[in-house]
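Reviewing the structure listed below.
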2 protein chains.
Amino acid sequence: MTRLPDRFAHSLRPTAPDGGARRLNTWQSVRAEVLRRIRSGEWAPGALIPTEHELAAELGCARATVNRALRELAENGVVERRRKVGTRVTTSPAQRTTLEMPSLRSEIEASGAEYGYKLTGFALSVPTDTAMRALQVGPRDEMILVKAQHLANGRAHCWETIWLNPRNLPAVSREVFEEQPAHEWLARALPLTRSRLAIMAEAASGDCALYLGIPDGTPVLAIERVIWHEAMPVSFARQLYPPRHRLISED
Amino acid sequence: MTRLPDRFAHSLRPTAPDGGARRLNTWQSVRAEVLRRIRSGEWAPGALIPTEHELAAELGCARATVNRALRELAENGVVERRRKVGTRVTTSPAQRTTLEMPSLRSEIEASGAEYGYKLTGFALSVPTDTAMRALQVGPRDEMILVKAQHLANGRAHCWETIWLNPRNLPAVSREVFEEQPAHEWLARALPLTRSRLAIMAEAASGDCALYLGIPDGTPVLAIERVIWHEAMPVSFARQLYPPRHRLISED
DNA sequence: AAGTGGTCTAGACCACTAA
DNA sequence: TAGTGGTCTAGACCACTTA
């Protein structure tokens, strides 16, 4: 939440041109007032709230200001809006949440730890079934397979496997990934179009257990990400985190 | 993406009042054009793009329209904006993603399966350490502990443990939760203020393994959620999903 | 001091949809 | 057909930041 402009201070004192109506001139204050009425139960779940025109008149601001406030609330799933019908308080709350997925480097540095990176594998390889489907390639199309550790203060924080489709990417050699994580190279190499994320739990095994320093079979959090350039998938990454890792989201 | 208004059809033909400038009258079309220039590499990561005034003049629309388009792109993390400095293409892309977290009932019904619910436990109990911290209560404060299965076509889909703080909630009996999931009751019982989510991997054990029908030690995806009413946390839920479950997010 | 984005306003037209 | 939200416009003032 940003600080409100000084002008808002005046809005806090009720001015009563038509009998007690507050002036709520900024869209944040309108949003706050609407939220207050919903949370106080004054506007119950499922109920219609006043129209933009009515609210603008009551609160002493332009309709565009009310519209901005209600639009934000609709984007957050607090209300639902339909033309000709009106604006309704959502019945089932909090079904949409924004997940921050910082790069591993900034995530680790933000926690005050020193970021470390170590390449543990680089090869040309035919894709696994999962990689084949994710990258939309054939079983004999050779992909670049990069494996790496991300470290926080020298301790394993994440182990990552990335498949890259060399047909859709600039030429690249092992040396490049000894210096920098594949995602940082990718972001500089190409403008990226679209990405898809999947989060799941699985059991650590083989290299994963080895490089995370945990016993085989330990549950790990897996994040899969496919990134497109134009209409082509160019990378398929699997990041594996030890059990202490948590994805946090706050509304 | 919603269908564009018919008016937009006209914007597609370049009108050249001042030498080739397109008219892009809707904020979606301005956003699309800016995105195109970023993805084509015309505006590289880290580069400053033209000011709102310049873009409005070039594209033949009001500055407010350009502002709306750039604001949306900033919210999605595509550009970064600072007063007096200007608008920059973000260096590290795609670090923010929206996760849809539908209620279990609607998620299961949307997949075409029949939703089922079964209460497997109801008790007054002192909180575990985790629940104590989440609900901000003392070690001897008795909480309501509800355990339940959510089923898809009769098959275990999720096993859930919910701690409720009776001091901050209307009175409730076991019978209530035999009929409906705690979250559905909660949403009707109180206007909810705020929630916090954590996602992690852990090993199934005891009741969890039993009710999900999987061996002890199987990795499960855990979603913890704390919900507030006013300034008080009222519920702490832990949902556990078998390994086949995936959280999906698309941009 | 000056230039950028952030927002408000008043009015207008349009799109969608229930009645 | 009428009422609701969705958006655009042109102008204005302001907040924040660099110089």
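Naming: A, B, ... by sequence-line order, numbering from 1 per chain.
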| message | Run the side chain to side chain contact (heavy atoms under 4.5 Å, CB included) test on Trp43(B) and Val34(B) for me, step by step, so that the C-alpha distance in whole Å, both residues' side-chain angles and the decisive distance to 0.1 Å come before the verdict. | response | CA-CA 9 Å; Trp43(B) 292 342; Val34(B) 171; 3.8 Å; yes
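- What separates CD of Glu72(A) from P of dT7(D) is a distance of 12 Å, to the nearest Å.
- For Ala62(A), whose side chain is taken as the heavy atoms from C-beta onward, the closest listed nucleotide among dT9(C), dG6(C), dT17(C) is dT9(C).
- The shortest distance between the side-chain N/O atoms of Arg81(B) and the OP1/OP2 oxygens of dG6(C) is below 4.0 Å.
- Per the geometry, CG belonging to Asn67(B) stands 15 Å off P belonging to dA10(D), to the nearest Å.
- Between the NZ atom of Lys84(A) and the C1' atom of dG6(D) there is a distance of 16 Å, given to the nearest Å.
- If you take CZ of Arg68(A) and C1' of dG5(D), they are 17 Å apart, rounded to a whole angstrom.
- Side-chain proximity of Gln28(B) to dC16(D), dT7(D), dC8(C): nearest is dT7(D).
- Of the candidate nucleotides dT4(C), dG5(D), dG5(C), dG5(C) has the atom lying nearest to any side-chain atom of Thr87(B).
- Across dG5(C), dA18(C), dT17(D), the shortest atom-to-atom separation from the side chain of Thr51(B) is found for dG5(C).
- Summarising the geometry, the separation between NE2 on His53(B) and P on dT7(C) is reported as 16 Å, rounded to the nearest angstrom.
- In terms of modelled atom types and a separation under 3.5 Å, the side chain of Ser249(B) and the main chain of Leu197(A) share no donor-acceptor contact.
- A salt bridge does not link Arg39(A) with Glu230(B): none of the charged nitrogens is closer than 4.0 Å to a carboxylate oxygen.
- Nearest-nucleotide mapping onto DNA chain C: of Thr65(A) and Arg83(A), the residue sitting toward the 5' end is Thr65(A).
- Not a single donor-acceptor pair, N or O on each side, falls under 3.5 Å between the base of dT7(D) and the side chain of Arg71(A).
- Judged by atom type and distance alone, Arg63(A) reaches the base of dG6(D) through a side-chain donor-acceptor pair under 3.5 Å.
- Put simply, CG on Leu73(A) is 13 Å from P on dG5(D), counting in whole angstrom units.
- Screening Glu160(B), His157(B), Arg105(B), Lys118(B) for a side chain to side chain donor-acceptor pair (under 3.5 Å) with His150(B), the sole residue that qualifies is Glu160(B).
- A residue-by-residue look at Ile49(B) and Ala64(B) shows that Ile49(B) has its nearest nucleotide of DNA chain C further toward the 5' end.
- Note on Glu58(B) versus Arg37(B): salt bridge recorded, some NZ/NE/NH1/NH2 to OD/OE distance being below 4.0 Å.
- Between the CD atom of Glu75(B) and the P atom of dT7(C) there is a distance of 10 Å, given to the nearest Å.
- The CG-P distance, from Leu70(B) to dG5(C), rounds to 8 Å in whole Å.
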